[in-house]
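Heads up: the structure comes next, in structure tokens.
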Number of protein chains: 2
Amino acid sequence: MMMDMQSVADILRSHGFKVTPQRLAVYDALQNTTEHPNAEMLYNMLLPSYPAMSLATVYKTMEIFDQIGLAQVLNIGEDSYRYDARMENHPHVRCNTCGRVDDIMEFEDEAIMEQVAKLSDYKLTGRQLYFYGECPKCQGKKKKYN
Amino acid sequence: MMMDMQSVADILRSHGFKVTPQRLAVYDALQNTTEHPNAEMLYNMLLPSYPAMSLATVYKTMEIFDQIGLAQVLNIGEDSYRYDARMENHPHVRCNTCGRVDDIMEFEDEAIMEQVAKLSDYKLTGRQLYFYGECPKCQGKKKKYN
DNA sequence: TTATTAATGGATAATTACTATCCATTGAGT
DNA sequence: ACTCAATGGATAGTAATTATCCATTAATAA
């Protein structure tokens, strides 16, 4: 179910990439957060344990992870990309108030894909579904304090 | 049904923006294409008739159109934004082979919005649905020549 | 129609996320 | 352990977008 460190190392090696502490650290950080960090957020998360970490390394590492299927890139309409270690294709929802981005797991999208394929005559291979609104926490705040 | 020049002028004025030939020209160009141009494509489309047109003007104009609801911005995962004068929220599909972007009109998305609202507990206000694949034309080419 | 004034267009500089380059260092197979 | 290509970090470069500046223009009032 959950990808562990050992298999991440194997996947890197099997694609001809070296296994380095930095790469394992980046993957570990991404794996252990639900906040869909961008490169700079990852960099700042890693700085305390890896003071020599470079932002360029984060970018290069994420490009590799994207290539070999260890992470996916999100393009939610902000000024920077976010990253997600969950590899099943799933929609995301962003709170317009606080900016948090959440996964929407267990979303059933086969009917959509069929509908779009029929309407477009495209042979579909992928999708990116982004939703926008107000998260439960921000809704609560509004009710209490506004 | 279709937005004409007169009402574009009215909408600009009603939001306190001046009505200028450049703005009408940008809107006209965007209205009369289905290829979802980015700023540079729009600029190049307009150059023949408006040799003095500036790329900065296109950007500024599109920002205004986005604000006042005369166009929407698409973020399809390319390195630049594309624009669409069709204001009903609708999905888009991009051909991975030739890069064209098509509208998917008549897409029924109420069921999706309900499903996502239920799964996320967000109060949803918007969505951006992007699909990727191979367009009919490129499928045909592949079958014939590859 | 003209005068007045604030908005605008175009030129250009600045910003910023991201990518490429360079070289000393390091991981991994021999 | 040895060898060497891959890597990390520093830094420069790229490219889309945004901000600035000022002469010009559109809109309102007279």
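Predicted model only: the values in this text are computed from it and were never measured. Proteins get letters first, then strands, A, B, ... in listed order; numbering begins at 1 in each.
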Can you check nucleotides 10-12 of chain C for protein contacts, nitrogen or oxygen pairs under 3.5 Å, and list what you find?
from, atom 1, to, atom 2, distance (Å)
C/dG10, OP1, B/Gln22, NE2, 3.3
C/dG10, OP1, B/Ala52, O, 3.2
C/dG10, OP2, B/Thr57, OG1, 3.1
C/dG10, O5', B/Ala52, O, 2.9
C/dG10, N7, B/Lys60, NZ, 3.3
C/dG10, O6, B/Lys60, NZ, 2.9

Nucleotide N/O to protein N/O under 3.5 Å, stretch nucleotides 1-4 of chain C:
none

Identify each donor-acceptor pair in which a side-chain atom of residues 82-94 of chain B lies under 3.5 Å from a protein atom, sequence neighbours left out, and give them as a table.
from, atom 1, to, atom 2, distance (Å)
B/Arg82, NE, B/Glu78, OE1, 2.6
B/Arg82, NH1, B/Glu35, O, 3.0
B/Arg82, NH1, B/His36, O, 2.9
B/Arg82, NH2, B/Glu78, OE2, 3.2
B/Arg82, NH2, B/Gly99, O, 3.4
B/Asp84, OD1, B/Arg86, N, 2.8
B/Asp84, OD2, B/His36, NE2, 3.2
B/Asp84, OD2, B/His90, NE2, 3.1
B/Asp84, OD2, B/His92, NE2, 2.9
B/Asn89, ND2, B/Arg127, O, 3.0
B/His90, ND1, B/Glu88, O, 2.6
B/His90, NE2, B/His92, NE2, 3.0
B/His90, NE2, B/Asp103, OD1, 2.5
B/His92, ND1, B/His90, O, 3.3
B/His92, NE2, B/Asp103, OD1, 3.1
B/Arg94, NE, B/Glu78, OE2, 2.8
B/Arg94, NH2, B/Glu78, OE2, 3.1

Under 3.5 Å, sequence neighbours excluded: what are the donor-acceptor pairs made by side chains of residues 39-59 of chain B?
from, atom 1, to, atom 2, distance (Å)
B/Asn44, ND2, B/Glu40, O, 3.2
B/Ser54, OG, B/Ala56, N, 3.0

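Across the helix from C/dT1-D/dA30 to C/dT30-D/dA1, the helix axis at one end is tilted relative to the axis at the other end by 40° (nearest 10 degrees, each axis from five pairs).
With sequence neighbours excluded, the residues that form a side-chain hydrogen bond (donor to acceptor under 3.5 Å, both in side chains) with A/Ser80 are A/Asn38. Qualifying side-chain hydrogen bond (donor to acceptor under 3.5 Å, both in side chains) partners for A/Ser14, counting only residues two or more places apart in sequence or in other chains: none. For A/Phe65, the ring-ring contact (aromatic ring centres under 6.0 Å, His included) partners at least two apart in sequence or on another chain are A/Tyr27.
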Given protein heavy atoms under 4.0 Å, the one-letter contact record of nucleotides 23-30 of chain C, with B base, S sugar-phosphate only and - none, is simply ---BBS--
Report, as a single string ordered 5' to 3', how protein heavy atoms within less than 4.0 Å touch nucleotides 13-18 of chain C: B base, S sugar-phosphate only, - not at all.
----SS
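Counting only residues at least two apart or in different chains, salt bridge (Lys or Arg N to Asp or Glu O under 4.0 Å) contacts with residues 42-69 of chain A are absent. Applying the side chain to side chain donor-acceptor pair (under 3.5 Å) test to residues at least two apart or on different chains, none of the pairs has a partner in residues 110-121 of chain A.
One atom, CD of B/Glu63, and another, C1' of D/dT20, lie 15 Å apart when rounded to the nearest Å. Taking atom CG on A/Leu24 and atom P on D/dT7, their separation rounds to 13 Å, with Å as the unit.
Under the 3.5 Å distance criterion, with hydrogens and angles disregarded, no donor-acceptor pair is assigned to the side chains of A/Tyr130 and B/Asn75.
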Stepwise side chain to side chain contact (heavy atoms under 4.5 Å, CB included) test for B/Arg100 and B/Lys137:
CA-CA 10 Å; B/Arg100 67 177 290 148; B/Lys137 208 168 286 186; 4.1 Å; yes
